[in-house]
Structure formats: structure tokens, C-alpha cells
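Got a structure for you, questions after.
We use all heavy atoms of the structure for the numbers below, so side chains are in, but hydrogens, waters and symmetry mates are not. Every number for a ligand or one of its atoms is a count from 1 in the order of the listing.
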Amino acid sequence: MNMKNIPLSEIYMDDDQINAVIDVLKSGWFILGERVREFEEKFSKEIGSKYSVSVSSGTSALFLSLLASGIKEGDEVIVPSFSFIATATPIIHVGAKPVFTDIKKTSYNIDPNEIESKITSRTKAIMPVHLYGNPAKMDEIKDIAAANNLLIIEDACQAHGALYDGKKIGSIGDIGCFSFYPSKIMTVCGDGGMVVTDNEEFAEKIRLLRDHGRKDKYLHEAIGYNMRSNEIQAALGIRQLEKLSPWISTRRKIALKYNELLNGHVITPVEYENALHVYYMYVIRTNKRDALQKHLKESNISTGIHYPIPIHKQPAIIDHMGDIGKLKNTEECAKTVLSLPMHPKLSNDDIEYICEKIVSFF
Ligand SMILES: Cc1ncc(COP(=O)(O)O)c(C=O)c1O
């Protein structure tokens, strides 16, 4: 029996990051300074977008992107329900309606075939989520958006460094939104987010809105918010970004090993040929999910369920917009998905131990 606990995810920390934080503390400059600018520049380079605007969280990134796009009361945004609730709540906060759309069971991402029937004269945008780090079908989504004059706001909060048709996720739609929450592939060791875009007007609006609508110290051109990022988070983000690429390679190697050992026992993740899945989460599917999770917990293996209740079934959402009825694949996946431990420090022995426990369970 393995006595040590195998965590679901783990943050990488080293002296370089700790010293970078100490440097900020000694500098006496904490908000929107040179480190934030450097982080934005380096993130733009990584994603291949003209502009990056760093903000206080992934939720702020989505909210400010919707505001900058002019999405408002009476508008509709097409979005999957199989995601974290923060995909949908910013849509409600700008006064618009999230139009929940079913997913494909193979990718867990929004099903492009379901999108067209949801489009009305009020639809303004599609918000695909690249769930677990697996890119949504961006070519089909782009065609639908172009044919219907819709914006694409990518919820890339789980997909740093993922690729679709050779382009980085986040740079394919009109705007891409990232989260640096501690569990993510790269983090700022606290809350943080980034908006990326090639549209100068959107970038300028988001810069204004994140900092009290401020054009100059005491000149306010818009009714803004305080959704700024800070120097400590940026100093950490710069260093984590340097490691993103090797971390993705390690995550993909771990996923391959899991696939090899679990094939035939549970449903393992599917990758598209033209996409690079970055495995923020390694997610399996089985009808015996709850019993398997309990069994793994007894063996000191931490797992997660992302997500047990689809957004359209959350009490807050039903309270706000009523019950929209059934989304078949979404509801089936909510009952059957299980996230296994996934982080670069996972050893071969850990993976073999986890898989041995899963195989013996069945
Ligand atoms: C898909 C998705 N969207 C939005 C968010 C919100 O990001 P944050 O927690 O940084 O506000 C998250 C992260 O938790 C997420 O996973």
C-alpha cells in the first residue's frame, strides 16, 4: 500500500520564483509596474497575439472581454454548460443571456453541430471552452461565427499552450481569456488572468476598464472597475511561463502512459489530429465513477470531478433564468467523468500505482 498521498495537482516552486517575489517586496512598487508589462509582452509572444492585458483573474478576463465587445442586456452568448460556472456568470453580469449548448462526449467540448440551432437575432458571440486543455473544434466554430457575424471569445482558462491547426489557443477567436489560478498549468500563485487579442480597440478598452476607466492618474474616461494585476503575481507568472513548454511535454508523456495502462478498462481522452491537448486535467469516464473515486481515495490517490453539476443545473442559474431542460451529453458526462492526478512531478511509479488500483477495481 502506498502510504504517501498522490495529489490531483501540485504547484512548482523554486528559489528563482521566491527571490523574484522578494525583489518585488524590496522594490516598493506593487501594482501595474514594469513586471506586469514584461509579463504581458512575454505572454503575447508565447500565444502569438498582438496584445495581452493582465487582469485580476480568469473571471475578470471574461467579464472585461464581454464588456469591451459591447455585449449587453438583451444579447445572447452561446456557451457550453459543461464547464466551471465562471464561464457563464460574466455573461449574466453584463446583462446578457448564456445560451447553454450540449457537448461532444469524445472531446467534452461544445458540439459545433448544436451551435447553429441556438443562433437567434440576439446572438452576439460564441464562447467555446477548451476544457481540460483540449482544444474545441475551432475551424468549425470559426466558420459558423463568420457566416453569422458573431464574435468568438475563447475561454482558454484551462488551455495555456494548447494548439489547434498550428495556432495557439486563445489567439484563434477575437479574444482569448486565461486564468492563472493555483491549480492551472501555469499559475501566478494566487488569482490572476490575461486577455489576449489582435484587436487594438478591445485591448485599449480592457486596459481602461481594469483600472477605474483611468486614462491618466485622475482622469477617468469610462466607468471602470478595479480588476488590475500586480507585480508579485507578474514576477511569478514570468518565471512560470518560461517552464510552460517543458511542462506541457511532461504532461503529454504522463497522459500517454495513462492511456497505455488504462486502455480497455475505462474511456480515455481523445485527441484530434490537428490539435495539441495540454492535459490540464487527465479525465477518464466510467459508469462506476463514484465507487472508483472512493476506492482510489482509500489508496491515498486524490481525484476530482470536473464538473459534477452542469452550469444549467446549478441552483443559482435556475433561480436566475429558469430550468432550460436537458442537455443529454453534458448531464451524462457530469455523472461519469473522473480527473486523475496530473502534474509534472508525477513519477512513473505513481502512474503505475494509480493504474494498477484502477485496473484491479474493475
Ligand atoms: C473554464 C474556466 N473558466 C473560467 C475560470 C475562471 O478563472 P478564475 O478562477 O481565474 O477566475 C476557470 C478557472 O477556474 C475555468 O476553469
Worksheet item: Looking at ligand 1, does Ser83 have a heavy atom less than 4.0 Å from it?
Response: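 Ser83: in contact with ligand 1 (<4.0 Å).
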Worksheet item: Identify the closest protein heavy atom to atom 3 (N) of ligand 1: which residue and atom is it, and at what distance?
Response: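 Atom 3 (N) of ligand 1 sits closest to the protein heavy atom Asp155 OD2, 2.8 Å.
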Item to complete: Using the six-membered ring wherever Trp is involved, compare the ring planes of His277 and Tyr279 and label them parallel, tilted or perpendicular (cut-offs 30° and 60°).
Response: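 Ring orientation of His277 relative to Tyr279: parallel.
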Practice prompt. Would you kindly specify which portion of Thr59 sits under 4.0 Å from ligand 1, judged on non-hydrogen atoms: side chain, backbone, both or neither?
Written response: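 The part of Thr59 near ligand 1 is both the backbone and the side chain.
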Worksheet item: Any idea which protein heavy atom is nearest atom 16 (O) of ligand 1, and the distance to it?
Response: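 Protein heavy atom with the smallest distance to atom 16 (O) of ligand 1: Gln158 NE2, 2.8 Å.
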Fill in: Remaining members of the apolar cluster that contains Val36, side-chain heavy atoms under 4.5 Å
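Via sub-4.5 Å side-chain contacts, Val36 links to Met13, Ile18, Val21, Ile22, Val24, Leu25, Phe30, Ile31, Leu32, Ile232, Leu236.
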Item to complete: Measure centre to centre between the rings of Tyr51 and Phe202, then say whether the value is under 6.0 Å.
Response: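 So the answer is no for these two rings.
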Practice prompt. With atom 5 (C) of ligand 1 as the reference point, say which of Gly58, Cys157, Gly190 has the nearest heavy atom.
Written response: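 Nearest option to atom 5 (C) of ligand 1, by heavy atoms: Cys157.
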Fill in: atom 14 (O) of ligand 1 - nearest protein heavy atom and its distance
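Nearest protein contact, heavy atoms only, for atom 14 (O) of ligand 1 is Lys184 NZ, 3.2 Å.
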Fill in: cation_pi(Lys137, Tyr272) dist<6.0 Å, angle<=45
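Positive - Lys137 is close enough to the ring of Tyr272 and near enough to its axis.
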Item to complete: Give me the other members of the hydrophobic cluster that Ile169 sits in, counting Ile, Leu, Val, Met, Phe, Trp and Tyr linked by side-chain heavy atoms under 4.5 Å, directly or via other members.
Response: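 When side chains under 4.5 Å apart are linked, the cluster holding Ile169 also contains Ile78, Val99, Ile110, Ile115, Ile119, Ile126, Met138, Ile141, Ile144, Leu150, Ile152, Tyr164, Ile172.
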Discussion item. Between Lys4 and Asp350, does any side-chain N to carboxylate O distance fall below 4.0 Å?
Written reply: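 Result for this pair is yes, salt bridge flagged.
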Worksheet item: Counting each atom of ligand 1 from 1 as listed, which ones have a heavy atom of Ala86 under 4.0 Å away?
Response: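 Selected atoms, number and element: 4 (C), 5 (C), 6 (C).
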